[in-house]
Amino acid sequence: EVKELLQEKISEYTLNITTKEGETYTVTGPQFHLTYVDDNGVDQLLTDQKPLEWILHAFRGGKYEVSANTTYEEDAVEPILKSLPFMSQANMVQPRDAALQETADGYRIAPEVEGNAVDEEKVISLVQDAIQNGTTELSLVDQDCYLKPAVYQNDESLNEQMNTLNSLTGAKLTYTVKGTVSTIDHEVLKSWLVQDENGNYSIDEEKAFIEQLADQIDTYGKSRKFTTHDGAQITLATNRYGWQVDREKSLENLKTALAEGKEQEMELSYSHKAKGTSDNDLGNVYVEISIDRQTMWCYKNGQLVVETPVVTGDISKEGRATPKNGCWPIFWKTTEYTMKGPKDANGQPEYTAFVHYWMPFNGGIGLHDASWRSSFGGKIYIYSGSHGCINLPGKKAAKIYEMINKETPIVCVYHRLDPLYTRFDRRNFYVTYDITSQIQKGKNAIGVLLGNGWYNQEKEHDRIHRMQRQMEFLRFLLR
């Protein structure tokens, strides 16, 4: 009877499994074929009892313990559990780590997802232990059976990364260059982000951005195309006038603005500025000086306002010729000024000259009146020119002084022997003349005198002879 009672009790075994949602699922002993195993424990208990003492125990009472060994089908546990809703893959929501998420305005942290997926192996093991031990309640939460995210939204490293990225990409900066707007915003900054081997972020393209803008703007120091008074289009090899971006200072300002993370209009810093902002940045007023024609022209708003003969540097004396084929800005100007030449061996200036108008543009070379001269122009500069300055008649100097200011460009040209000499196998200069305004209705005659050219020499020379086979001779093109 005892054995039958034990089997009956074992058959009534149930295990309640409670999920994090508060749902309870019950499994029973018979599902696992839980049965009593007779180990002769009941028979041994009867043998150990003394036959005549049963009356005494009946009055005194007593407890006897007997083991109730059980057995079940372990292979049945897993499929039974997986048939329950909380163990179905279709119902499981896997945990997801908190992570950075990009928005239109920057970066935020997308919270972690706890999910409801369980550690299946752990649940199976706990159920097996419960069956063996006769445990009737199992809480999946208390037993820490649920899978968890590895990273939570309060993760210190994740928040630090978010703050860094928002700081690096939070600015909106606008540059306007030659009418073109260049904007540095979140999208641009995002493309500039780089990450080092330690996972740290930084911005890497600021310098390239400034370099790109500067290349669009800079004209200072580069060869300059110039159209002379008679329509000749020449190249000025020396150019100390124009726009030049201070790249180091501009980069420093950009980095500061990016660190501030604000929206603002930006301006580049310049080491040199021109008067004009268009491709032809000479501005509204500029001066052209032709050394070979010994004439100066001053233009304002595209109109000729002053034309005068001049005397430039004496080409017969070393070091006195006026620099040619270049562009320079007026440094400053003043009236009633005494010019002084370089010091001699005694420390005294080689010469002094008082002028009413002084307008330097290239070191010690400048425009000024020359009251000691009675004539200007012609060939004076060949045998009795200046020390390098541009000598002007008094009234013309006064007029020019009124029209020009600091930074007004001065262009000195000499194109009698144009174009300039170059390595012809690498680079060729050429001169064009626009003679449209000189063409009249009816018949017109145009005369052109060409020299032999470098590669068309009468005297035989091995190198020249070889180059003649590779290069074309000097040509005149009429279009």
Side-chain angles (χ1 to χ4, degrees), residues 224 226 228-229 236 238-242 272-276 281-301 303-315 317 319-342 349-382 384-415:
R224 174 180 292 275
F226 179 73
T228 65
H229 68 285
L236 302 176
T238 302
N239 182 30
R240 296 295 177 265
Y241 170 85
H272 296 279
K273 289 186 176 183
K275 286 289 189 179
D281 57 9
L282 294 179
N284 296 328
V285 178
Y286 71 91
V287 171
E288 177 189 348
I289 301 166
S290 174
I291 296 175
D292 53 306
R293 297 193 181 189
Q294 289 293 285
T295 305
M296 184 179 78
W297 301 267
C298 180
Y299 292 89
K300 182 176 181 180
N301 297 324
Q303 301 298 317
L304 177 64
V305 290
V306 178
E307 179 177 356
T308 180
V310 297
V311 176
T312 60
D314 192 334
I315 63 173
K317 296 181 175 61
R320 290 192 179 183
T322 301
K324 60 185 178 181
N325 292 328
C327 183
W328 298 267
I330 290 291
F331 294 154
W332 49 283
K333 66 177 187 176
T334 187
T335 58
E336 315 304 317
Y337 181 77
T338 299
M339 300 184 299
K340 297 180 180 180
E350 293 180 357
Y351 67 88
T352 60
F354 176 80
V355 296
H356 296 288
Y357 306 99
W358 171 237
M359 298 157 276
F361 63 88
N362 181 12
I365 297 174
L367 309 175
H368 63 79
D369 56 296
S371 58
W372 55 88
R373 291 191 183 277
S374 58
S375 60
F376 297 84
K379 297 182 179 180
I380 300 174
Y381 77 109
I382 296 176
S384 184
S386 70
H387 289 82
C389 288
I390 314 300
N391 291 178
L392 302 169
K395 291 183 179 180
K396 298 294 185 178
K399 181 67 174 177
I400 293 293
Y401 188 88
E402 293 177 0
M403 299 196 61
I404 68 174
N405 293 293
K406 182 180 179 182
E407 305 298 338
T408 297
I410 308 297
V411 180
C412 293
V413 300
Y414 182 92
H415 59 99

| Leu367 vs Ile410 side-chain heavy atoms within contact, under 4.5 Å | yes
| note | Rounded to the nearest 0.5 angstrom, the NZ-OG1 distance for Lys395 and Thr308 is 12.0 Å
| said: Can you confirm whether more than 12 heavy atoms, excluding those of Lys399, are under 6.0 Å from its NZ atom? | reply: no
| message | Can a donor-acceptor pair be found, under 3.5 Å and without considering hydrogens, that links the side chain of Glu307 to the backbone of Cys298? | response | no
| task | Measure the spacing between CZ of Arg320 and SG of Cys389 and express it to the nearest 0.5 Å. | result | 11.0 Å
| message | When you compare the side chain of Arg373 with that of Val311, does any pair of heavy atoms fall below 4.5 Å? | response | yes
| message | Using side-chain heavy atoms (C-beta onward) and a distance below 4.5 Å, is Thr238 in contact with Cys327? | response | no
| message | I'd like to check Ile291 versus Tyr381 (side-chain heavy atoms, cut-off strictly below 4.5 Å). Are they in contact? | response | yes
| message | Any heavy-atom pair between the side chains of Met296 and Ile400 that's under 4.5 Å? | response | yes
| said: If we ignore hydrogens and angles and just use 3.5 Å, is the side chain of Lys333 paired with the main-chain N or O of Ile404 as donor and acceptor? | reply: yes
| request: Specify the closest pair of heavy atoms between Lys340 and Pro349, including all atoms of both residues, with the distance to one decimal. | output: CB-CB, 4.1 Å
| task | Report yes if some heavy atom in the side chain of Phe361 is under 4.5 Å from a heavy atom in the side chain of Cys412; otherwise report no. | result | yes
| Tyr414 backbone acceptor or donor facing Asn325 side chain under 3.5 Å | yes
| Heavy-atom closest pair, residues Ala397 and His368 | CB-C, 4.4 Å
| remark: Closest non-hydrogen atoms of Val287 and Ile289, given as atom of the first, atom of the second and distance, are CG1-CG1, 4.0 Å
| message | Would you say that more than 12 heavy atoms from the other residues, nucleotides or ligands in this model lie under 6.0 Å from the CD of Gln303, or not? | response | no
| task | Walk me through it: do Lys273 and Asp281 pass the test salt bridge (charged side-chain N to carboxylate O under 4.0 Å, His left out)? | result | CA-CA 9 Å; Lys273 289 186 176 183; Asp281 57 9; over 6 Å; no
| query | Can Lys379 and Asp292 be counted as an ion pair, charged N to O under 4.0 angstrom? | reply | no
| request: Look only at the side chain of Thr322 and the backbone of Gly388, and say whether a donor-acceptor pair between them is shorter than 3.5 Å. | output: yes
| remark: Note: Phe331 and Lys406 closest approach over all heavy atoms is O-CG, 3.3 Å
| message | Between Asp369 and Val355 (side chain of the first, backbone of the second, donor and acceptor by atom type, cut-off under 3.5 Å), is there such a pair? | response | no
| request: Could you go through the side chain to side chain contact (heavy atoms under 4.5 Å, CB included) check for Trp332 and Ile330 one step at a time? | output: CA-CA 6 Å; Trp332 49 283; Ile330 290 291; 5.7 Å; no
| task | Mind running side chain to side chain contact (heavy atoms under 4.5 Å, CB included) on Phe376 and Leu392 for me, showing each step along the way? | result | CA-CA 7 Å; Phe376 297 84; Leu392 302 169; 5.5 Å; no
| task | Would you check if Asn284 and Lys275 make a side-chain contact, meaning some heavy-atom pair closer than 4.5 Å? | result | no
| query | So do the side chains of Leu236 and Val411 get within less than 4.5 Å of each other, counting heavy atoms only? | reply | yes
| request: Begin with the C-alpha distance, continue with both residues' side-chain angles, and end with the deciding distance and a verdict on side chain to side chain contact (heavy atoms under 4.5 Å, CB included) for Phe354 and Glu336. | output: CA-CA 7 Å; Phe354 176 80; Glu336 315 304 317; 3.0 Å; yes
| task | List the atom of Pro329, the atom of Tyr241, and the distance in Å for their closest heavy-atom pair. | result | CB-CD1, 3.8 Å
| said: Looking at Glu288 and His229, would you say the former's side chain and the latter's main chain have a donor-acceptor pair under 3.5 Å? | reply: yes
| task | Any chance you could lay out the side chain to side chain contact (heavy atoms under 4.5 Å, CB included) test for Tyr357 and Thr335, step after step, and finish with the verdict? | result | CA-CA 5 Å; Tyr357 306 99; Thr335 58; 4.0 Å; yes
| task | Considering non-hydrogen atoms only, spot the tightest contact between Ile365 and Trp358 and give its length. | result | C-CH2, 4.3 Å
| task | For Thr295 and Arg293, indicate whether the former's side chain and the latter's backbone hold a donor-acceptor pair under 3.5 Å. | result | yes
